[in-house]
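Here's the structure we're looking at; comments come further down.
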Protein chains: 2
Amino acid sequence: MATNSFEDHDHSKCVNDVMTAVEAHCAIHKLQFTPIRRRVLEILLQDHRALGAYDILDILRSEGHSAQPPVAYRALDFLVKNGFAHKIERLNAFVACSHPGEEHTPAFMICRSCESITEAHREPEQGQLGEAARNAGFRIERTVVEAEGLCPKCQD
Amino acid sequence: MATNSFEDHDHSKCVNDVMTAVEAHCAIHKLQFTPIRRRVLEILLQDHRALGAYDILDILRSEGHSAQPPVAYRALDFLVKNGFAHKIERLNAFVACSHPGEEHTPAFMICRSCESITEAHREPEQGQLGEAARNAGFRIERTVVEAEGLCPKCQD
DNA sequence: GTGAGGATGTCATAACATATCAAGAAATGA
DNA sequence: TCATTTCTTGATATGTTATGACATCCTCAC
Ligand SMILES: [Zn+2]
Ligand SMILES: [Zn+2]
Ligand SMILES: [Zn+2]
Ligand SMILES: [Zn+2]
């Protein structure tokens with residue numbers, strides 16, 4: 001996966017790398033990477049966009065799977081809990097992770113025009129938020145950092 | 001309002017200052033600070049917590065107002081659009097702004113234990129997110145920055 | 001083989017948010 | 001003042017996102 005998915009890149013390699021990393025991670029950690037979970041991740045990886053749970057359900061149904069909401073939400077829970085996908089709070093939607101399995105604190109840039117999303121990484125204790133937390137005596141456990149705007153292509 | 005609402009502070013002054021500032025801002029900008037809008041802001045100001053639209057509806061109803069969802073959402077839209085309240089995306093809920101009317105880029109610290117929320121301010125172009133955006137050629141228009149964790153009191 | 005834990009299928013419902021249209025109130029400008 | 005326009009509210013309905021609950025099935029350990 002390119003470091004910045006706004007740039008042109010070999011996307012099939014991008015998909016492949018993630019699937020390989022996830023398979024390896026599941027093997028090591030004895031996680032069941034079942035067909036539904038795999039298929040949902042594949043769907044998320046189709047492009048660098050966030051999909052709602054019901055978008056995913058529609059796709060599953062179009063493939064002959066009689067899918068009820070919990071089917072999508074359970075697969076997404078699995079992917080999110082294990083660091084293979086992230087929820088974009090601003091959109092109530094889900095995106096595949098660029099660095100599956102690795103511990104990281106993501107920040108997202110969301111293009112409002114083409115809807116593409118790039119994941120960057122932060123250090124939670126650094127920067128303005130870290131400083132504000134120290135000043136307030138607040139202990140950060142999770143962060144939601146999402147920027148909305150225009151990607152390079154859509155600025156033209 | 002205290003710079004950090006996790007600290008003990010004179011909350012009635014805190015409420016008063018915000019209401020005064022909002023009234024002044026509405027007078028200057030010819031905004032209609034109607035009874036419903038005022039009441040919803042008062043409800044949000046009761047404590048430094050986020051309330052869902054339906055929480056607000058319940059309160060309005062308990063006060064004899066026959067309130068349907070659009071009543072709450074319209075008032076909240078008004079408050080958010082004019083910078084008197086913010087939506088907390090992580091919670092699908094709304095909180096009163098600490099600096100009503102002023103242009104600012106908020107960041108929130110949300111205590112998962114007592115649910116209190118403090119608003120800090122960021123410079124959108126600075127810090128880790130600003131740097132990531134410059135590297136990617138991304139133009140930031142809005143940001144969502146929310147930290148979840150434990151406030152000073154709840155760490156004991 | 002039996003029991004325990006995890007995964008899936010299915011139905012139902014909760015929680016969050018908006019579309020639409022009618023009616024009323026307030027600002028605007030003759 | 002009166003008409004016009006714009007904003008606000010009332011009310012019904014519906015759309016969208018997410019979870020609860022329970023039955024069934026599968027796998028693995030014992
Ligand atoms: Zn790619
Ligand atoms: Zn990630
Ligand atoms: Zn206060
Ligand atoms: Zn604010």
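To find a chain, count down the sequence lines: A is the first, B the second, and so on, and within it residues start at 1.
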Relative to each other, are the rings of His11(B) and His9(B) parallel, tilted or perpendicular (30° and 60° limits)? perpendicular

Does Asn92(B) put a side-chain nitrogen or oxygen below 4.0 Å from OP1 or OP2 of dA17(C)? yes

Please assess Lys87(B) against Asn92(B) for the test side-chain contact (heavy atoms from CB on, under 4.5 Å), listing each intermediate value before the final yes or no. CA-CA 7 Å; Lys87(B) 181 169 188 184; Asn92(B) 294 319; 4.3 Å; yes

Which nucleotide sits closest to the side chain of Val71(B): dG10(D), dA11(D), dT18(C)? dG10(D)

Nearest-nucleotide pick for Arg37(A), side chain only, options being dT8(C), dG9(C), dT9(D): dT8(C)

Has Lys87(B) got a side-chain N or O lying under 4.0 Å from the OP1 or OP2 atom of dC16(C)? no

Within the pair His65(A) and dT8(C), is there a side-chain N or O less than 4.0 Å away from OP1 or OP2? no

State plainly whether the residues Glu131(A) and Arg134(A) are in salt-bridge range, i.e. N to O under 4.0 Å. no

Over how many whole Å does the gap from Ile56(B) atom CD1 to dC16(C) atom C1' extend? 12 Å

Mind calculating the distance between CG (Asp77(A)) and P (dT17(D)) to the nearest angstrom? 16 Å

To the nearest 0.5 Å, tell me how far Arg139(B) CZ sits from Gln155(A) CD. 4.0 Å

If you find the nucleotide of DNA chain C closest to Pro70(A) and the one closest to Tyr54(B), which residue's nucleotide is nearer the 5' end? Pro70(A)

Nucleotide of dG9(C), dT8(D), dT19(D) approaching Tyr73(A) most closely (side-chain heavy atoms): dT19(D)

To the nearest Å, how far apart are Leu91(B) CG and dT17(D) C1'? 16 Å

Whole-Å distance, Leu60(B) CG to dT9(D) P, equals 12 Å

Send over the distance from Leu57(B) CG to dG10(D) P, rounded to a whole Å. 12 Å

Atom CD of Gln68(A) and atom C1' of dG20(D) are separated, to the nearest Å, by 14 Å

Does Arg74(B) have a side-chain nitrogen or oxygen under 4.0 Å from the phosphate oxygens OP1 or OP2 of dT18(C)? no

Would you say a side-chain N or O of Lys30(A) is under 4.0 Å from OP1 or OP2 of dA29(D)? no

Of Phe94(B) and Gln32(A), whose closest DNA chain C nucleotide lies nearer the 5' terminus? Gln32(A)

Can you tell me the distance, in whole Å, between the CG atom of Leu76(B) and the P atom of dT8(D)? 15 Å

Within this structure, what is the CZ-to-C1' distance between Arg61(A) and dT10(C), rounded to whole angstrom? 12 Å

For dG10(D), take OP1 and OP2 only and decide whether either is under 4.0 Å from a side-chain N or O of Ser66(B). no

Between the main-chain N or O of Glu123(A) and the side-chain N or O of Thr105(A), is there a donor-acceptor pair closer than 3.5 Å? no

